[in-house]
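Remember, it's 1-based here, ligands and their atoms both numbered in the order they're listed. All values reported here derive from a predicted model rather than from experimental measurement.
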Amino acid sequence: MSSFLPRLVLAATLAWGVSAQAHDTPAPATPAARVAIGGAVQQAISLSVDDLRQFAPDQIVELRLPGKQTDAPASVLKGVRLRAVLERAKVLTPDHNTVKKLAIIASASDGYKVVFSWSELFNSALGDEVLVLFERDGQPLTAAEGPLALISGKDIRTGPRHVKWLQAIEVRQIVD
Ligand SMILES: Nc1nc2c(c(=O)[nH]1)N[C@H]1C(S)=C(S)[C@@H](COP(=O)(O)O)O[C@H]1N2
Ligand SMILES: [Mo]
């Protein structure tokens with residue numbers, strides 16, 4: 001009987017930990033300060049927040065996203081189009097049809113990964129709002145998601161392809 005309460009507390013703590021893990025990955029101790037662009041590109045590059053700020057103004061996009069809860073205020077996100085970042089690294093296109101077989105993999109310091117296709121980014125309106133983020137509401141990204149993150153503003157639910165602590169972008173041909 002005397003051990004019941006501590007056990008209950010332990011069980012509740014574990015249950016909370018498991019459910020929290022499902023959505024709220026803790027911030028990694030050392031999130032990347034630069035995003036590395038590599039794989040099937042002519043020139044592997046890496047970009048810091050300062051590098052992103054220096055992109056051409058027409059490639060820097062501001063996006064207003066609604067808050068997570070219905071009554072939460074919207075926030076304004078600022079970033080460079082992933083399309084422009086990939087153009088700087090120059091995707092390898094040995095022949096006319098290669099690009100159609102490319103996946104673009106965005107990965108985070110905690111191992112989270114999401115995938116885009118080249119066609120989504122370069123031949124669809126979705127690509128207009130796939131951004132490498134460096135600012136929220138006029139401030140640098142906090143440790144909750146930054147210093148670098150990625151978002152796909154036209155997704156139906158923007159949570160899943162909101163890559164916090166963005167670390168790398170890899171271009172990979174996924175079919176022959
Ligand atoms: N680095 C990283 N980013 C991540 C995740 C993660 O585990 N690690 N989870 C994703 C999932 S599944 C969701 S729903 C959202 C939740 O956070 P948000 O609502 O603040 O975007 O973050 C996404 N981004
Ligand atoms: Mo999620």
Side-chain angles (χ1 to χ4, degrees), residues 12-39 41 44-53 55 59-86 88-89 102-121 124-172 174:
T13 305
L14 289 173
W16 176 83
V18 167
S19 67
Q21 202 177 23
H23 279 90
D24 297 314
T25 307
T30 52
R34 310 180 69 86
V35 54
I37 296 90
V41 295
I45 57 173
S46 82
L47 301 170
S48 65
V49 169
D50 283 345
D51 296 329
L52 292 168
R53 288 185 191 283
F55 268 71
Q59 294 301 336
I60 298 181
V61 175
E62 275 192 3
L63 203 66
R64 174 171 290 268
L65 281 194
K68 281 184 237 173
Q69 282 84 35
T70 42
D71 56 345
S75 58
V76 177
L77 298 171
K78 195 179 195 181
V80 175
R81 286 201 181 97
L82 180 53
R83 209 186 265 156
V85 165
L86 290 169
R88 179 161 303 182
L102 297 177
I104 316 297
I105 303 155
S107 58
S109 298
D110 65 341
Y112 191 69
K113 291 185 171 72
V114 305
V115 173
F116 295 88
S117 67
W118 183 93
S119 298
E120 257 185 306
L121 297 176
S124 124
L126 186 126
D128 295 348
E129 293 186 357
V130 178
L131 307 180
V132 177
L133 297 176
F134 56 85
E135 239 180 64
R136 182 184 287 271
D137 297 328
Q139 300 296 323
L141 300 183
T142 68
E145 63 180 326
L148 296 162
L150 178 137
I151 202 141
S152 178
K154 289 192 203 276
D155 283 8
I156 293 170
R157 287 179 296 112
T158 52
R161 288 202 286 191
H162 173 209
V163 180
K164 307 170 193 179
W165 317 298
L166 180 67
Q167 172 172 263
I169 306 285
E170 186 198 344
V171 181
R172 197 193 292 182
I174 56 169

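- Inclusion of Lys68 in the set of residues having an N or O under 3.5 Å from an N or O of ligand 1 is warranted.
- Within the model, atoms CG of Leu82 and CD of Glu120 stand 10.5 Å from one another, a figure rounded to the nearest 0.5 Å.
- Rounding to the nearest 0.5 angstrom, the gap separating the OH atom in Tyr112 from the NE2 atom in His162 is 10.0 Å.
- Closest heavy-atom approach to atom 15 (C) of ligand 1 among the candidates Pro26, Gly159, Pro160: Gly159.
- Close approach to Ala108 involves these atoms of ligand 1, each under 4.0 Å from a residue heavy atom: 1 (N).
- For the atom pair Arg53 CZ and Leu47 CG, the distance stands at 13.5 Å (nearest 0.5 Å).
- The shortest heavy-atom contact between Val115 and Arg161 is O-NH1, 3.1 Å.
- Set against the non-hydrogen atoms of Asp110, the atoms of ligand 1 under 4.0 Å away are 1 (N), 2 (C), 6 (C), 7 (O), 8 (N).
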- request: Go through the steps to decide whether Ser48 and Asp51 satisfy the test side chain to side chain donor-acceptor pair (under 3.5 Å), and finish with yes or no.
  value: CA-CA 5 Å; Ser48 65; Asp51 296 329; 3.2 Å; yes

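- Across the listed options Arg161, His162, Lys164, Lys113, Lys164 owns the non-hydrogen atom lying nearest to atom 17 (O) of ligand 1.
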